[in-house]
Amino acid sequence: MKIVVLVKYVPEPTATWSFADDHTLDRQNVEGRLSELDEYAVEQALRIAETVPGAHVRYLTMGPARAADGLRKALAMGGDDAVHVLDDALHGADAVATSLVLATALRQAGFDLVLCGMASTDAEMSVVPAMVADRLGVPAVTLAAELSTDGSAVTARRDTDVATEELTAPLPALLSITDRSGDVRLPSFRNIVAAKKKPVVTWSLADLGIAPERIGAATVVRAVRPRPAREAGTVITDEGDAAVQLADFLAANKLL
């Protein structure tokens, strides 16, 4: 079974983010890491591989040169090899362009099962998994909290606000995994060293047969401004009329 995990190298939440002249995030010059939510997809891929003889786990990412660090982190957790789509024309690619590149790379790599995180921790749009599945013409099961496979189909549990669903899809299929799917393993020192020797192949847009002019953004960031500092809130001291004060505050702010 060929399992491909889509991973993303994202800025550290505590790092100082900077923006390029076109107002897109300058990913090359900000400290980053493997998206924490993608680690759950990595973990589930490795658990499946441990139960399916001959399973092959590959990681796929697109992004600047530093995105290779995210691949090495995933390989340190386990897995066999990785593919890095690296091309200057990818700068500023939005979800539509990203799904085009990832779907094309998946076709080229081959797959039976594609796993990814429920969202990236930078954009948090959650739309790429469904877009990739649509481009590939395979079933998409999103927000899976548990999954298993018999080699011909994948079964997933999805928890909603009102019910728990059990869904089955024939392979090949794509699933996004939530952070409720279980604890993530920590790479051992031995695996970190071993990961440095695992193959990471770099593909350009030309290798994928994608013309650079097809990469762009359907939306344009027109301006980037620092978020205003938070102001101190209103403190209500209860002297027997706290409920009235609270109601007046909500009414004054048109929250009632």
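- Looking only at side-chain heavy atoms (C-beta outward), T61 and V85 stay at 4.5 Å or farther from each other.
- At a threshold of 4.5 Å between non-hydrogen side-chain atoms, the residues V57 and V5 count as touching.
- Hydrophobic clustering keeps L106 apart from L113 (ILVMFWY residues linked when any side-chain heavy atoms are closer than 4.5 Å, directly or through intermediates).
- In E31, the CD atom is not crowded: 12 or fewer heavy atoms of neighbouring residues, nucleotides or ligands sit closer than 6.0 Å.
- Side-chain contact between D238 and Q245 is absent, with no heavy atoms from C-beta onward closer than 4.5 Å.
- Hydrophobic clustering keeps V127 apart from L143 (ILVMFWY residues linked when any side-chain heavy atoms are closer than 4.5 Å, directly or through intermediates).
- Here CE of M77 is found 11.5 Å from OG of S188. Values are rounded to the nearest 0.5 Å.
- Looking at every heavy atom in both residues, L175 comes nearest to A144 through CD2-CB, 4.1 Å.
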Should R185 and E50 be marked as a salt bridge (Lys or Arg N to Asp or Glu O under 4.0 Å) after you check the CA-CA gap, both sets of side-chain angles, and the distance that decides it? CA-CA 13 Å; R185 69 190 67 190; E50 290 166 355; 3.0 Å; yes
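- To the nearest 0.5 Å, atom CD of residue Q44 and atom OG of residue S148 are 10.0 Å apart.
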Tell me, with the steps shown, if L100 and I210 meet side chain to side chain contact (heavy atoms under 4.5 Å, CB included). CA-CA 9 Å; L100 169 66; I210 299 175; 4.3 Å; yes
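- Residues I177 and E43 are not in side-chain contact: their nearest non-hydrogen atoms beyond the backbone lie 4.5 Å or more apart.
- Between atom CZ of residue R58 and atom CG of residue L6 there is a gap of 12.5 Å, rounded to the nearest 0.5 Å.
- Linking Ile, Leu, Val, Met, Phe, Trp and Tyr whenever their side-chain heavy atoms come within less than 4.5 Å puts V201 and V101 in one cluster.
- Distance alone, capped at 3.5 Å, places no donor-acceptor pair between the S181 side chain and the E146 backbone.
- Atom CG of D38 sits about 7.5 Å away from atom SG of C116, to the nearest 0.5 Å.
- The shortest side-chain heavy-atom distance between T24 and H91 falls under the 4.5 Å cut-off.
- D183 CG: 12 or fewer foreign heavy atoms inside a 6.0 Å radius.
- Scanning all heavy atoms of the two residues, the minimum distance from V30 to A15 falls at CG2-CB, 3.9 Å.
- E36 CD: 12 or fewer foreign heavy atoms inside a 6.0 Å radius.
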List the steps, then state whether side chain to side chain donor-acceptor pair (under 3.5 Å) holds for D87 with S204. CA-CA 5 Å; D87 197 298; S204 65; 4.6 Å; no
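- Using a 4.5 Å heavy-atom cutoff, the side chains of L37 and D179 are in contact.
- Between P212 and A89, the closest heavy-atom pair is CB-CB, 4.0 Å.
- A donor-acceptor distance shorter than 3.5 angstrom exists from the side chain of H84 to the backbone of G63, with no hydrogens or angles considered.
- Within a 6.0 Å sphere centred on CZ of R214, heavy atoms belonging to other residues, nucleotides or ligands number 12 at most.
- Residues V184 and Y40 have side chains in contact (heavy-atom distance under 4.5 Å, counting atoms from C-beta outward).
- Residues F111 and L171 do not share a hydrophobic cluster, clusters being chains of Ile/Leu/Val/Met/Phe/Trp/Tyr side chains in contact below 4.5 Å.
- Few gaps surround CG on N253; more than 12 heavy atoms of other groups in view lie less than 6.0 Å from it.
- With hydrogens and angles disregarded, a donor-acceptor distance shorter than 3.5 Å links the side chain of T98 to the backbone of D94.
- In terms of hydrophobic clustering, with Ile, Leu, Val, Met, Phe, Trp and Tyr side chains grouped at heavy-atom distances under 4.5 Å, M62 and V83 are assigned to a common cluster.
- At least one donor-acceptor pair closer than 3.5 Å links the side chain of S126 to the backbone N or O of M118.
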One pair to check against salt bridge (Lys or Arg N to Asp or Glu O under 4.0 Å): E39 and R33. What are the steps and the verdict? CA-CA 11 Å; E39 293 183 8; R33 54 159 296 161; 2.6 Å; yes
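- Taken from CZ in R222 to CG in D22, the straight-line distance is 14.5 Å, to the nearest 0.5 Å.
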Could you walk me through whether D122 and K8 satisfy the side chain to side chain contact (heavy atoms under 4.5 Å, CB included) test, starting with their C-alpha distance in whole Å, then the side-chain angles of each, then the deciding distance to 0.1 Å, before giving a yes or no? CA-CA 10 Å; D122 51 355; K8 187 176 183 182; 3.2 Å; yes
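- Expressed to the nearest 0.5 Å, how far CZ of F249 lies from OG1 of T234 amounts to 4.5 Å.
- Looking only at side-chain heavy atoms (C-beta outward), V200 and L75 come within less than 4.5 Å of each other.
- Closest heavy-atom contact between L34 and G70: CD1-O, 4.0 Å.
- A donor-acceptor pair under 3.5 Å is formed between the side chain of D150 and the backbone N or O of A153.
- In terms of heavy atoms, G117 sits closest to A41 at N-CB, 3.9 Å.
- Contact check on K198 versus D81 returns no salt bridge, with no Lys/Arg side-chain nitrogen under 4.0 Å from an Asp/Glu carboxylate oxygen.
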Residue pair E166, R157: steps toward the salt bridge (Lys or Arg N to Asp or Glu O under 4.0 Å) verdict: CA-CA 5 Å; E166 183 175 300; R157 189 196 84 225; over 6 Å; no
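- With L147 as the fixed residue, the side chain to side chain contact (heavy atoms under 4.5 Å, CB included) test singles out one of L167, L115, T155: L115.
- Closest approach of G32 to R66, counting heavy atoms only: N-NH2, 4.4 Å.
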